[in-house]
Amino acid sequence: MIDVIGSIVGLALLAPLLLATAIVIKAADGGPVLFRQWRVGKDGARFRILKFRTLAADSCDSAGLVLVSSADDPRLTPLGAILRRYNIDELPQLLNILAGEMSLVGPRPHVPDMLVSGLFYEAAVPGYALRLNMRPGLTGWAQCNGYRGPVHDPDTAAQRVRHDLAYIGNFSLALDLQILALTLVREFIWRQQPNVRSGPYRVDELPAAMP
């Protein structure tokens, strides 16, 4: 219920920004406004995640296996680079939350058969499948601690998953509210480079919930 109410409130408050973004994307090259991509959700169920399109219409990777690793990626549109920088491209996922496919808070959903250093995540990171015990989220504990964006090595992947499992093992409404507050602060009030673990708003790590 909180997810549904939160997504409705978010859509209402952000409606002017969402509409303006959609208009500019469409006017820029006439391509689709939204980008849809298969992701893995709770219990392994697949769903199509929604994002504002940030790549050239003929360069979109529906499989999600070719990562956008930098702001200089030639596939990015000028507006797309801005949307990604401020994570505005993720806001259509409020519709995924309204549909019951995602939550406001939870592990970020991965594409099917996602790789890190040429290995499937299931092989590279012990306990990875336990992430699927909860619905994926728009934001999460890993993201609040700086683990966001492309992952290129197993150690970073393991740390991200460790934070996801810690969140699952310590799940509570209070923790969700804390994560939402941290996300709002870091996205709209105090922005910093991806590694935010040492910032003034840092919260002590949760106990790991590894098997």
Side-chain angles (χ1 to χ4, degrees), residues 1-26 31-55 57 60-65 67-68 79-80 83-84 86-114 121-122 128-144 147-150 160-161 163-165 167-168 171-184 186-188:
M1 181 61 69
I2 292 177
D3 286 326
V4 172
I5 294 173
S7 62
I8 292 173
V9 171
L11 288 167
L13 293 176
L14 296 169
L17 174 61
L18 297 173
L19 180 60
T21 302
I23 291 173
V24 175
I25 292 173
K26 191 67 176 179
V33 169
L34 294 177
F35 172 64
R36 295 171 173 84
Q37 188 179 70
W38 287 107
R39 296 292 176 99
V40 181
K42 188 177 185 296
D43 298 326
R46 298 190 180 189
F47 69 98
R48 299 190 76 182
I49 200 170
L50 300 175
K51 293 187 176 189
F52 281 127
R53 179 173 59 85
T54 58
L55 304 183
C60 293
D61 172 29
S62 59
L65 300 179
L67 301 178
V68 178
L79 175 62
L83 296 180
R84 281 177 174 263
Y86 293 98
N87 296 312
I88 296 172
D89 61 315
E90 309 283 1
L91 293 180
Q93 288 158 42
L94 289 168
L95 295 173
N96 290 115
I97 296 171
L98 192 59
E101 298 163 328
M102 293 178 60
S103 294
L104 290 171
V105 179
R108 287 293 294 161
H110 287 178
V111 298
D113 301 323
M114 191 165 181
Y121 258 78
E122 292 87 343
Y128 173 78
L130 295 175
R131 298 174 77 254
L132 304 181
N133 289 340
M134 295 193 73
R135 279 186 296 179
L138 182 62
T139 185
W141 183 245
Q143 287 66 45
C144 284
Y147 294 103
R148 63 190 311 161
R160 177 178 285 190
V161 171
H163 281 72
D164 290 337
L165 299 184
Y167 164 75
I168 293 171
F171 171 75
S172 69
L173 176 60
L175 178 58
D176 276 6
L177 294 175
Q178 182 183 33
I179 291 171
L180 288 172
L182 282 169
T183 299
L184 290 173
R186 287 170 175 164
E187 292 300 326
F188 300 106

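Because the structure is a prediction, the values reported are computed rather than measured.
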Who pairs with Arg135 by side chain to side chain donor-acceptor pair (under 3.5 Å), at least two apart in sequence or on another chain?
Asp3, Ser103

For residues Glu101 and Asn96, report the shortest heavy-atom separation together with the two atoms involved.
OE1-ND2, 2.8 Å

Nearest heavy-atom approach of Ile168 to Pro107 is CD1-CG, 4.2 Å

Between Leu83 and Asp89, which heavy-atom pair has the shortest distance, and what is it?
O-OD1, 3.3 Å

How would you list all residue pairs meeting salt bridge (charged side-chain N to carboxylate O under 4.0 Å, His left out) that involve residues 11-24, not counting sequence neighbours?
none

Rounded to the nearest 0.5 Å, how far does CD1 of Ile2 lie from CG of Leu177?
6.5 Å

Are the side chains of Tyr167 and Met134 in contact, using a 4.5 Å heavy-atom criterion?
yes

Atom NZ of Lys51 and atom CG of Leu34: how far apart are they, to the nearest 0.5 Å?
12.0 Å

Sequence neighbours left out, what passes side-chain contact (heavy atoms from CB on, under 4.5 Å) with Ile8? Give chain and number order.
Val4, Leu98

I need the Leu50 CG to Glu90 CD distance, nearest 0.5 Å.
11.0 Å

Residues Phe52, Ile25; criterion side-chain contact (heavy atoms from CB on, under 4.5 Å); working and verdict:
CA-CA 8 Å; Phe52 281 127; Ile25 292 173; 3.8 Å; yes

Excluding sequence neighbours, so at least two apart, what forms side-chain contact (heavy atoms from CB on, under 4.5 Å) with Thr183?
Thr139, Cys144, Ile179, Glu187

dist Leu138:CG -> Gln143:CD (nearest 0.5 Å) comes out at 9.5 Å

Hey, what's the ring geometry for His110 with Tyr128, parallel, tilted or perpendicular (30° and 60° as the breaks)?
parallel

Pairwise side-chain hydrogen bond (donor to acceptor under 3.5 Å, both in side chains) hits with a residue in residues 39-49, at least two apart
Gln37-Arg39

What are the two closest non-hydrogen atoms of Ile49 and Pro109, and how far apart are they?
CD1-CG, 3.7 Å

So, does Arg108 use its side chain to make a donor-acceptor pair with the main chain of Pro136 at under 3.5 Å?
no

Using the side-chain contact (heavy atoms from CB on, under 4.5 Å) definition, which of the options Ile88, Thr54, Val24 pairs with Leu79?
Val24

Do any N or O atoms from the side chain of Arg53 and from the backbone of Pro32 form a donor-acceptor pair under 3.5 angstrom?
yes

Would you check, one step at a time, whether the test side-chain contact (heavy atoms from CB on, under 4.5 Å) holds for Trp141 with Asp164?
CA-CA 6 Å; Trp141 183 245; Asp164 290 337; 5.9 Å; no

List the atom pairs, donor and acceptor, that lie under 3.5 Å between side-chain atoms in residues 11-18 and the rest of the protein, sequence neighbours left out.
none

